Amino acid sequence: MEEKYDATYCLENTIVHVVAPPSMTTAEKERVLRELYRHAWDIWNSLPVEERLRINAEYDRK
């Protein structure tokens, strides 16, 4: 089976093949983003409250 790449670069002794993600419908993209956000919030909520407050305070100053 022949592999298809969107781009191929030769950098000194290294060959880099760039592969684009498969096409997605808008509904599929939204589903993936919802999943990503859900996992991000799960990680955030798994932090101790003191750590979340410290992080919030740090970014409030910026």
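Please read these numbers as outputs of a predicted model, since none were measured by experiment.
Minimum heavy-atom separation, K29 to M24: CE-O, 3.7 Å. A pairwise comparison of heavy atoms in V19 and D6 identifies C-OD2, 3.5 Å as the closest pair.
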Might you work through the side chain to side chain contact (heavy atoms under 4.5 Å, CB included) test for V49 and R52, ending with a clear yes or no? CA-CA 5 Å; V49 173; R52 287 187 263 166; 3.6 Å; yes

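Hydrophobic clustering (side-chain heavy atoms under 4.5 Å, transitive across Ile, Leu, Val, Met, Phe, Trp, Tyr) keeps V32 apart from W41.
Other residues, nucleotides and ligands contribute over 12 non-hydrogen atoms within 6.0 Å of the CG atom of L11.
If you take CD on E50 and CD1 on I55, they are separated by 11.5 Å, rounding to the nearest 0.5 Å.
A salt bridge links E51 to R54: at least one charged side-chain nitrogen sits closer than 4.0 Å to a carboxylate oxygen.
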